[in-house]
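What follows is a short report on a single structure.
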Amino acid sequence: MSKSTETMEKIVALCRRRGFIFGSSEIYGGIGGFWDYGPLGVELKRNIKDCWWHDMVRNPPPGPDGRKFQMVGVDCSIIMNPKVWEASGHVGGFADPMVDCKECNARFRADQVYSLFLLKGPSIEHLRDAVEYNASHPKDHLKPEIEVFACSVEANSVTETLDVAGDVVRAASKARNIGKYKKFTPETKLRGVSSRSGTLFCTTEAGEDIQVHVEALATDDSATARPCPKCHAEDSLTESREFNLMFETNTGALQDSTSKVYLRPETAQGIFVNFKNVMDTTRVKIPFGIAQIGKAFRNEINPRNYTFRSREFEQMEIEFFCNPNESKMWYEFWRDVRIKWYESLGIQSDKLRPREQGEDELAHYSDACTDIEYMFPFADEPQELEGVAHRGSFDLMAHGKASKGKETAFAVLDDATKERFVPHVIEPSAGVDRFTLATITEAYSFDENRASPEFMKFHPRLAPIKAGVFPLVAKDGLPELAEPIYADIRKHFSCQYDAKQSIGKRYARMDEAGTPFCFTIDHETKEQGTVTVRNRDDASQEKIDKSRCLEYLRDKLGL
RNA sequence: GCGGGUGUAGCUCAGUGGUAGAGCGUCACGUUGCCAACGUGAAUGUCGUCGGUUCGAAUCCGAUCACCCGCUCCA
């Protein structure tokens with residue numbers, strides 16, 4: 001077993017032992033992809049959400065130009081009119097048809113095996129012929145087969161497929177003489193294909209990166225013989241099956257096709273759908289942001305890695321609306337703000353990585369996206385904590401068109417420039433559960449020289465319990481001295497009183513809960529009015545006056 | 001969905017056909033008093049589930065379920 005797996009197992013064990021996280025429905029054998037937070041976990045998660053709301057919504061940092069901007073919140077319903085998900089592209093795009101190979105058991109997303117489908121008619125040679133034919137007859141219509149991207153069984157490499165695909169497109173562009181294809185020359189390099197959006201990513205002769213949309217990209221089951229991309233067995237692929245990643249349910253007592261609704265797969269759409277409501281009822285002006293924290297649901301095919309990929313999870317999302325001229329600036333602003341936020345809560349910067357997504361992995365709505373990734377112990381590569389996406393005006397235009405009949409329905413007027421535009425949107429979308437897991441793995445510390453070798457070094461703002469209050473012994477009047485101190489602190493901070501067992505065990509328990517400070521009321525409290533403060537991180541002790549406990553905590557926690 | 005692994009107390013695990021166990025943790029009482037102290041005692045189990053073989057099954061066989069790991073997938 002690898003060291004990182006071992007660490008992860010210790011973390012999972014501690015989380016269960018101390019009541020951070022339980023598997024959902026455990027007594028019935030559990031249910032994959034769902035998790036429950038216990039008494040300590042819920043405090044931790046609540047602190048994370050409170051910090052985010054405080055730091056992003058109520059006290060957002062100054063903008064890139066020093067300008068202040070407004071942030072407001074909403075809390076939208078999880079179930080919305082299903083048209084929302086049609087307009088947003090989730091109904092079409094979120095349901096991925098999958099095919100399995102009956103020979104080698106490999107599974108592929110149907111629209112991602114485009115390059116290795118054998119379609120009716122053309123082989124590579126046919127296509128090459130067609131390319132030549134069309135090249136020599138530029139005014140003629142294309143041969144029908146050239147409308148289709150394909151490769152034959154002989155084309156075993158993606159490179160070869162792309163070569164031919166490139167030829168096809170170049171020929172097509174020449175034949176059609178369409179302006180936007182003019183940049184294609186024999187030297188054009190095809191770097192990748194996004195079958196989802198039907199986009200080709202190319203580098204031109206001049207080294208310029210361009211995108212071309214292709215309408216006739218064949219991605220369906222029209223093949224007569226479809227070799228498996230992996231083992232090349234013929235006719236081994238199953239019919240494509242829908243793996244709808246959205247949870248479906250029904251409204252109303254009667255269930256029929258008209259009652260079908262979805263559990264939201266992201267909180268963002270609630271914000272877009274309420275954009276006009278917020279504009280009309282709140283005195284916000286572009287640029288401004290709308291924030292929401294809430295649950296979202298995705299039928300992940302294979303939930304793994306503890307709570308990292310759950311089917312029910314919580315998001316903290318901002319949709320920041322700005323002038324398209326300034327969207328790049330705000331995109332970079334939010335990306336940097338969000339990274340700093342994680343660092344401010346104790347995530348080591350060398351475990352954080354901003355990763356700019358490649359063109360071919362961008363979602364259908366996204367112009368640019370930076371994943372903020374964290375190096376979890378369970379993976380070799382950093383994993384996504386948050387995506388900061390430049391969504392352009394995609395969502396507002398899509399909802400404008402679908403709900404009001406025109407894409408510019410949600411355009412706004414800039415008072416200064418008298419310019420009308422549909423705002424661009426920057427979306428920092430963070431996973432609450434993923435960050436909770438990151439804080440847990442980050443906090444987990446092991447030092448065999450300590451009396452309590454395992455301890456959780458939570459950032460003080462996130463610690464589920466801020467302080468312990470212990471009478472050294474449960475007699476001699478010490479509990480009577482400790483109780484008022486506890487009563488005082490608990491009014492302001494999450495705090496635990498414990499008079500049971502030895503002081504060492506109590507410290508150790510607090511170490512596993514990640515409590516930063518413990519106040520011990522001892523005999524000197526009686527005689528000199530001092531209490532002993534014990535620090536979680538180095539087990540050091542100091543004496544302070546018993547009246548200063550709350551003040552000490554406020555000071556040390558910075559709260 | 002495929003392959004591999006694992007299911008016994010809250011946790012870690014022992015138990016290869018004959019009464020269900022240990023350590024840790026938890027709780028109580030006592031002793032003690034500044035880093036998981038000590039003593040005594042207690043609670044906690046459909047041995048994942050169902051079926052079969054057997055006089056007798058945690059143990060052998062079959063099936064099934066769940067979880068973990070790998071593959072696949074993750075808009």
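Everything quoted here is computed from the prediction, not taken from an experiment. Letters A, B, ... mirror the listed sequences (proteins, then strands); counts begin at 1.
Shown here, B:C50 forms a base pair with B:G62; the pair counts as Watson-Crick or G-U wobble because both key distances fall under 3.5 Å. In this entry B:G1 has B:C71 as its Watson-Crick or G-U wobble partner, both defining distances falling under 3.5 Å. Remark: B:G30 base-pairs with B:C38; criterion is Watson-Crick or G-U wobble with both hydrogen-bond distances under 3.5 Å. Both distances falling under 3.5 Å, in either a Watson-Crick or a G-U wobble arrangement, occur for no nucleotide opposite B:G45. Across all strands shown, B:C24 pairs with B:G10; the Watson-Crick or G-U wobble distances both stay below 3.5 Å.
Residue A:Lys505 places at least one side-chain N or O under 4.0 Å from the OP1 or OP2 atom of B:U26.
Rounding to whole angstrom units, CD of residue A:Gln541 and C1' of B:G33 are separated by 13 Å. Summarising the geometry, the separation between CG on A:Asp447 and C1' on B:C35 is reported as 13 Å, rounded to the nearest angstrom. As a whole-Å value, the separation of A:Phe308 CZ from B:C73 C1' is 14 Å. Regarding A:Phe455, its CZ atom lies at a distance of 13 Å from the C1' atom of B:C35, rounded to whole Å. In this structure, A:Phe22 places its CZ atom 22 Å from P of B:A66, rounding to the nearest Å. A:Leu478 places its CG atom 15 Å from the P atom of B:U32, with the value rounded to the nearest Å. B:C68 atom P lies 11 Å from atom CE of A:Met8, rounded to whole Å. Regarding A:Phe20, its CZ atom lies at a distance of 17 Å from the P atom of B:C11, rounded to whole Å.
Across B:A36, B:G33, B:C35, the shortest atom-to-atom separation from the side chain of A:Tyr507 is found for B:C35. Comparing atom distances between the A:Leu472 side chain and each of B:G33, B:C35, B:A36 picks out B:G33 as nearest. Closest contact between the side chain of A:Val473 and the listed nucleotides B:A36, B:G33, B:A75 involves B:G33. Across B:C27, B:C69, B:C35, the shortest atom-to-atom separation from the side chain of A:Gln501 is found for B:C27. With B:A36, B:G10, B:A28 as the candidates, the nucleotide lying closest to the side chain of A:Arg16 is B:G10. The A:Asn305 side chain lies nearest to B:C69 when the options are B:A36, B:C35, B:C69. Side-chain atoms of A:Lys500 lie closest to B:A28 of the nucleotides B:A36, B:C35, B:A28. Each of B:C68, B:G25, B:C11 was ranked by its minimum atom distance to the side chain of A:Trp35; first place goes to B:C68. Listed nucleotides: B:A75, B:C35, B:A36. Nearest to the side chain of A:Ile503: B:C35.
Relative ring orientation between A:Tyr306 and A:Trp35 is described as perpendicular, the plane-to-plane angle rising above 60° on a 0-90° scale split at 30° and 60°. Ring planes of A:Phe20 and A:Phe458: tilted class, angle from 30 to 60°. Using cut-offs of 30° and 60° for the angle between ring planes, the A:Phe297 and A:Phe247 rings count as perpendicular.
No N or O donor and acceptor, one from the side chain of A:Arg506 and one from the base of B:C35, sit under 3.5 Å apart. The base of B:A36 lies close enough to the side chain of A:Glu512 for a donor and an acceptor atom to sit less than 3.5 Å apart.
Looking at A:Arg355, its side chain never comes within 3.5 Å of a backbone N or O of A:Gln383 through a donor-acceptor pair. A side-chain donor-acceptor contact under 3.5 Å links A:Tyr331 to the backbone of A:Thr370. A:Arg506 places a side-chain N or O within donor-acceptor distance of the main-chain N or O of A:Pro471, the cut-off being under 3.5 Å.
Two residues, A:Thr520 and A:Arg509, neighbour RNA chain B, and the one matched to the more 5' nucleotide by heavy-atom proximity is A:Arg509. Of the residues near RNA chain B, A:Ala499 and A:Ser502, the one whose nearest nucleotide (by heavy atom distance) lies more toward the 5' end is A:Ala499.
Rounded to whole Å, the separation between the P atoms of B:G15 and B:G70 comes to 28 Å. To the nearest whole angstrom, the two P atoms, one in B:G25 and one in B:A37, are 7 Å apart. Nucleotides B:G48 and B:A28 are separated by 33 Å at their C1' atoms, to the nearest Å. Nucleotides B:A57 and B:C24 are separated by 30 Å at their C1' atoms, to the nearest Å. Rounded to whole Å, the P atom of B:U40 lies 11 Å from the corresponding atom of B:G23.
Put simply, the side chain of A:Lys466 does not reach to within 4.5 Å of the side chain of A:Phe517, judged on heavy atoms.
Across all strands shown, A:Arg18 has heavy atoms under 4.0 Å from base atoms, whether or not it also approaches the sugar-phosphate.
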